[in-house]
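Since this is a predicted model, take the numbers as computed values, not measurements. Every number for a ligand or one of its atoms is a count from 1 in the order of the listing.
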Amino acid sequence: MKVAPSILSADFTQLENSINRTSKATYLHIDVMDGVFVPNISFGQSIQKQIRPKFEKMIFDTHLMIIDPIKYIKDFADAGSDYITFHIEAKSDINETIDLIHSLGKKAGISIKPATNPDVLIPYLNKLDLVLVMSVEPGFGGQKFMPNSLEKISWLKSYRENNKLNYLISVDGGINGETYPLVENAGCDLAVMGSFLYKAENPNEWIERIEK
Ligand code: DX5
Ligand code: ZN
């Protein structure tokens with residue numbers, strides 16, 4: 001399993017140093033919140049653009065928690081996203097948004113909130129590069145892991161096998177030293193980890209242990 005440290009929990013007064021503490025990870029998770037789709041505001045494309053050249057080796061995994069993602073796909077593609085993930089519960093047309101992401105040469109992901117069943121993804125799974133299962137209500141770091149995400153991960157894994165598809169299965173929210181083995185055993189490929197890693201004394205050691 002790979003790790004995507006979520007910079008939502010980084011120290012923004014020394015962002016580069018803070019991300020450096022997690023720089024052994026393969027991915028970097030960028031949580032964008034608009035205060036409308038979720039009850040919190042984080043940061044936008046200009047922050048991502050500034051950190052992009054400093055972490056060239058990391059795969060930038062952008063998670064858009066915004067109400068009309070299609071309006072901002074080009075901005076995030078230009079700001080160096082490798083994966084762009086948006087919510088199925090947002091307002092943009094799903095197929096048009098996936099197609100736009102692909103037309104810009106980026107990988108496309110869809111995320112589902114804790115109350116959303118993964119079978120709503122069936123019409124899109126053959127076009128997707130990533131599915132992001134939320135294991136907390138999106139909006140804030142530091143919440144408790146919701147175990148109903150585990151069945152969704154297993155369902156996505158068997159659907160992928162049965163239909164010979166390729167999307168990555170990622171999980172986001174409440175993943176720490178105790179819960180990461182649960183998502184890994186259920187079939188998660190990419191664990192998003194925010195508060196646990198950034199509060200840890202040596203995040204890069206955890207990342208090496210988890211990515212093995
Ligand atoms: C929640 C965010 C998460 C969050 C994960 O809306 O999408 O990425 O940063 O944070 P932790 O690991 O603290 O739950
Ligand atoms: Zn996220």
Side-chain angles (χ1 to χ4, degrees), residues 1-12 15 18-19 21-22 25-45 47-48 51 58-67 69 72 76 79 81-90 101 107-116 128-150 152-153 167-184 188-201 203-204 206-207 209-211:
M1 185 167 73
K2 301 293 182 200
V3 178
S6 167
I7 64 165
L8 188 65
S9 296
D11 178 352
F12 277 74
L15 189 52
S18 193
I19 298 173
R21 299 177 65 239
T22 67
T26 309
Y27 291 76
L28 191 66
H29 189 82
I30 315 226
D31 279 318
V32 179
M33 304 180 184
D34 66 354
V36 180
F37 182 73
V38 288
N40 194 13
I41 298 176
S42 58
F43 51 81
Q45 60 275 38
I47 299 274
Q48 179 179 300
I51 59 177
M58 297 179 97
I59 300 170
F60 273 32
D61 170 34
T62 304
H63 177 193
L64 299 178
M65 286 162 275
I66 65 180
I67 193 72
Y72 295 93
F76 282 94
S81 296
D82 296 295
Y83 283 76
I84 303 178
T85 295
F86 62 97
H87 272 265
I88 197 153
E89 304 89 355
I101 296 170
K107 307 232 190 236
I110 296 187
S111 183
I112 53 172
K113 299 210 281 184
T116 304
L128 289 179
D129 304 293
L130 180 146
V131 174
L132 179 62
V133 175
M134 292 307 301
S135 43
V136 296
E137 282 301 333
F140 300 91
Q143 303 181 75
K144 197 167 176 279
F145 178 76
M146 295 167 77
N148 80 331
S149 56
L150 297 172
K152 299 185 190 183
I153 302 167
Y167 51 81
L168 287 177
I169 302 169
S170 183
V171 185
D172 186 358
I175 303 180
N176 57 34
E178 283 167 14
T179 52
Y180 87 79
L182 305 177
V183 297
E184 184 170 28
C188 173
D189 306 301
L190 179 59
V192 177
M193 297 177 82
S195 49
F196 174 76
L197 277 186
Y198 282 96
K199 276 189 201 151
E201 217 157 275
N204 272 328
W206 275 103
I207 290 163
R209 187 183 311 170
I210 298 167
E211 292 201 349

Just checking, any donor-acceptor pair under 3.5 angstrom between side chains of Asp31 and Ser42? no
Exactly one of Lys152, Glu89, His87 should register a side chain to side chain contact (heavy atoms under 4.5 Å, CB included) with Met134. Which one does? His87
Geometric N/O contact Gly142 with ligand 1, under 3.5 angstrom: yes
At under 4.0 Å between heavy atoms, what of Phe196 touches ligand 1? The answer is neither
Might you point out which heavy atoms bring Tyr27 and Leu190 nearest each other, and give the distance in Å? CD1-CD1, 3.4 Å
Under 2.8 Å from the Zn ion (ligand 2) - protein N/O/S, by chain and number: His29 NE2, Asp31 OD1, His63 ND1, Asp172 OD2
For the pair Tyr180 and Trp206, name the ring-plane relationship: parallel under 30°, tilted 30 to 60°, perpendicular over 60°. perpendicular
Given ring-ring contact (aromatic ring centres under 6.0 Å, His included), test Phe43 with Phe12 step by step and report yes or no. CA-CA 11 Å; Phe43 51 81; Phe12 277 74; 5.5 Å; yes
With backbone taken as N, CA, C and O and side chain as the heavy atoms from C-beta onward, which portion of Ser195 lies under 4.0 Å from ligand 1: side chain, backbone, both, or neither? both
Between the side chains of Thr22 and Tyr198, is a donor N or O closer than 3.5 angstrom to an acceptor N or O? yes
If I compare all heavy atoms of Gln48 with all of Ala79, which pair ends up nearest, and what's the gap? NE2-O, 3.1 Å
Do any nitrogen or oxygen atoms of Gly139 lie less than 3.5 angstrom from nitrogen or oxygen atoms of ligand 1? yes
One should read off an interatomic distance between Ser6 OG and Ile175 CD1, to the nearest 0.5 angstrom, of 10.5 Å
